Undergrad: 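Mind having a look at this structure? Questions to follow.
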Amino acid sequence: MMFREVSRFWLASLALMVVAGCTSSPRAPAPVETRGSSPKVSAPAAVPAAEAVKVMPGAENAGKPGYYTVQRGDTLTRIALDHGQTWRDLVSWNSLANANLIEVGQVLRVAPPGASVEAGGVVVQPIGGTAPVATPTKPAPAPPTAPVAHDEGLGFAWPASGSVIAGFDEAKNKGLDIAGNAGDPVLAAADGQVVYAGAGLRGYGNLIILKHNNTFLTAYAHNQALLVKEDQKVRKGQKIAEMGKTDADRVKLHFEIRRQGKPVDPAKYLSAR
């Protein structure tokens, strides 16, 4: 009897322990440590701020008469020649630290400071203090015969004695090509000052540019030897170079007359032979 009651007691106690175990909250699983570096999650790329547009020197003058916006392939010498100025003047007027460093989009002054500039052209003061001369947008057509009289008394002479092998063509040939032999003399067409002597202008070879006044320049290209230096003053008929074929397919002199930087037909300005 006693044994039966003890057994019942232990069985009841065991049943209570089983019930209590079933009703208790389950334990959380132990943390699992992963060995090695965990993969890194890249932060989202920052959205780049809008790049500031570079303001080119002189941009405030773009499009104004008397100013020029640099294009791809330009050189200061080319710009000066096309506007009837010297590259040294452009350096001075634009406060350029290096004449060889100009940028596409840069705006350069190509008219003298203080000059009266109009949409139709630049009004300049010729050497000698005479009244200002206005350059029209479209030059008046020249008479079909005889040299143009409006050469301001310069009386341009032929720079070489050979025959003309290529005439003036505003689109294809900006001057006259004159035949000759290597070493033949190249002569100054009028009194003036050397504003360029070198080979830095593509297509012209060894080149000399003379400035005669504030209106006219002359250019002498493809020489084999240059006999004058920049800033040197020369007289009409003076030998300034020897004919050659630098940057050309044959020996010849390419000769240009530029009025306010614009090529004009030399045959209409040169004296009769």
Side-chain angles (χ1 to χ4, degrees), residues 65-66 68 77-87 89-90 110-112 115 117-128 130-160 162-179 186-196 201 203-204 207-223 234 236-237 240-241 248 252-273:
Y68 173 77
T77 302
R78 169 76 70 176
I79 296 170
L81 178 61
D82 287 347
H83 291 86
Q85 310 296 348
T86 73
W87 68 268
D89 283 340
L90 297 191
V110 292
V117 183
E118 303 173 355
V122 179
V123 178
V124 296
Q125 183 72 27
I127 294 173
T130 57
V133 177
T135 304
T137 302
K138 295 182 179 180
T145 59
V148 172
H150 307 296
D151 63 358
E152 300 184 4
L154 292 171
F156 290 109
W158 284 83
S163 59
V164 175
I165 55 176
F168 177 81
D169 182 320
E170 193 169 354
K172 298 179 181 179
N173 192 26
K174 299 184 184 302
L176 299 179
D177 290 349
I178 303 173
V186 174
L187 312 176
D191 294 354
Q193 184 174 8
V194 181
V195 294
Y196 182 80
L201 202 58
Y204 285 81
L207 171 69
I208 291 174
I209 300 174
L210 302 182
K211 184 170 185 177
H212 303 286
N213 56 21
N214 287 337
T215 303
F216 288 100
L217 298 174
T218 53
Y220 311 75
H222 307 310
N223 306 288
V234 299
K236 179 178 179 178
I240 58 175
K252 64 182 177 180
L253 171 67
H254 175 75
F255 173 68
E256 294 183 10
I257 295 179
R258 295 207 173 206
R259 187 176 191 277
Q260 297 289 358
K262 305 303 180 185
V264 293
D265 185 354
K268 296 178 180 179
Y269 286 81
L270 293 168
S271 57
R273 283 179 164 177

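These numbers were taken from a predicted model, which means no experiment stands behind them.
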Undergrad: Can you list the steps and then say if T218 with I209 is a side chain to side chain contact (heavy atoms under 4.5 Å, CB included)?
TA: CA-CA 6 Å; T218 53; I209 300 174; over 6 Å; no
Undergrad: Evaluate side chain to side chain contact (heavy atoms under 4.5 Å, CB included) for R258 paired with D82, printing each intermediate quantity in order.
TA: CA-CA 8 Å; R258 295 207 173 206; D82 287 347; 2.6 Å; yes
Undergrad: Closest heavy-atom contact between V234 and A188?
TA: CG2-CB, 4.1 Å
Undergrad: Any idea which heavy atoms bring T86 and A80 closest together, and the distance?
TA: C-CB, 3.7 Å
Undergrad: Considering non-hydrogen atoms only, spot the tightest contact between A189 and Y220 and give its length.
TA: N-OH, 2.9 Å
Undergrad: To the nearest 0.5 Å, what is the distance between CG on L270 and CD1 on I257?
TA: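 Rounded to the nearest 0.5 Å, the CG-CD1 separation comes to 5.0 Å.
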Undergrad: In the structure I gave you, are the side-chain heavy atoms of K211 and D89 within less than 4.5 Å of one another anywhere?
TA: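 A side-chain contact exists here, since the closest heavy-atom pair is under 4.5 Å.
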Undergrad: Atom CG in L207, atom CD in E256: separation rounded to 0.5 Å?
TA: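 That separation rounds to 8.5 Å.
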Undergrad: Considering non-hydrogen atoms only, spot the tightest contact between A267 and L176 and give its length.
TA: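 Closest pair (atom of A267, atom of L176, distance): N-CD1, 4.0 Å.
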Undergrad: Taking side chain as C-beta onward, heavy atoms only, is V164 less than 4.5 Å from W158?
TA: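 Yes - at least one pair of side-chain heavy atoms lies under 4.5 Å apart.
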Undergrad: Could you tell me which non-hydrogen atom of I178 sits nearest to which non-hydrogen atom of A160, and how far apart they are?
TA: CG2-CB, 3.9 Å
Undergrad: Less than 4.0 angstrom from a charged side-chain N to a carboxylate O is my criterion; do D151 and R259 meet it?
TA: no
Undergrad: With sequence neighbours excluded, tell me which residues meet side chain to side chain contact (heavy atoms under 4.5 Å, CB included) with L154.
TA: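 For L154 the side chain to side chain contact (heavy atoms under 4.5 Å, CB included) partners, ignoring immediate neighbours, are F156, A190, H212, N213, F216.
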Undergrad: If you round to the nearest 0.5 Å, how far is CG of L217 from CD of Q260?
TA: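 Atom-to-atom, Q260:CD and L217:CG are 9.0 Å apart.
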Undergrad: Which residues satisfy the side chain to side chain donor-acceptor pair (under 3.5 Å) test with D191, sequence neighbours excluded?
TA: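 Partners of D191 by the side chain to side chain donor-acceptor pair (under 3.5 Å) criterion, ordered by chain and then number, come out as R235.
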Undergrad: To the nearest 0.5 angstrom, please state how far the NZ atom of K262 sits from the CG atom of L81.
TA: 10.5 Å
Undergrad: Who are the side chain to side chain donor-acceptor pair (under 3.5 Å) partners of T77, not counting sequence neighbours?
TA: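 Side chain to side chain donor-acceptor pair (under 3.5 Å) check on T77 returns nothing, list empty.
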Undergrad: List in chain and number order the residues that pass side chain to side chain contact (heavy atoms under 4.5 Å, CB included) with A166, two or more places apart in sequence or in another chain; answer none if no residue qualifies.
TA: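 In terms of side chain to side chain contact (heavy atoms under 4.5 Å, CB included), with neighbours along the sequence ignored, A166 is linked to N173, D177.
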Undergrad: Test your reading of the model: is there a side-chain donor-acceptor pair from Y204 to the backbone of H254, 3.5 Å cut-off?
TA: no
Undergrad: Can you name the nearest heavy-atom pair linking S271 to A157, along with the distance?
TA: OG-CA, 4.0 Å
Undergrad: F168: what forms a ring pair (Phe, Tyr, Trp, His ring centres under 6.0 Å) with it, not counting sequence neighbours?
TA: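 F168 satisfies ring pair (Phe, Tyr, Trp, His ring centres under 6.0 Å) with no other residue.
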Undergrad: Kindly compute the distance separating CG (D265) from CG (D169), expressed to the nearest 0.5 Å.
TA: 10.0 Å
Undergrad: Check the pair V194 / I240 against side chain to side chain contact (heavy atoms under 4.5 Å, CB included), numbers first and verdict last.
TA: CA-CA 10 Å; V194 181; I240 58 175; 5.9 Å; no
Undergrad: With sequence neighbours excluded, what pairs up with Y196 under the side chain to side chain donor-acceptor pair (under 3.5 Å) test?
TA: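 Checked Y196 against side chain to side chain donor-acceptor pair (under 3.5 Å); zero matches.
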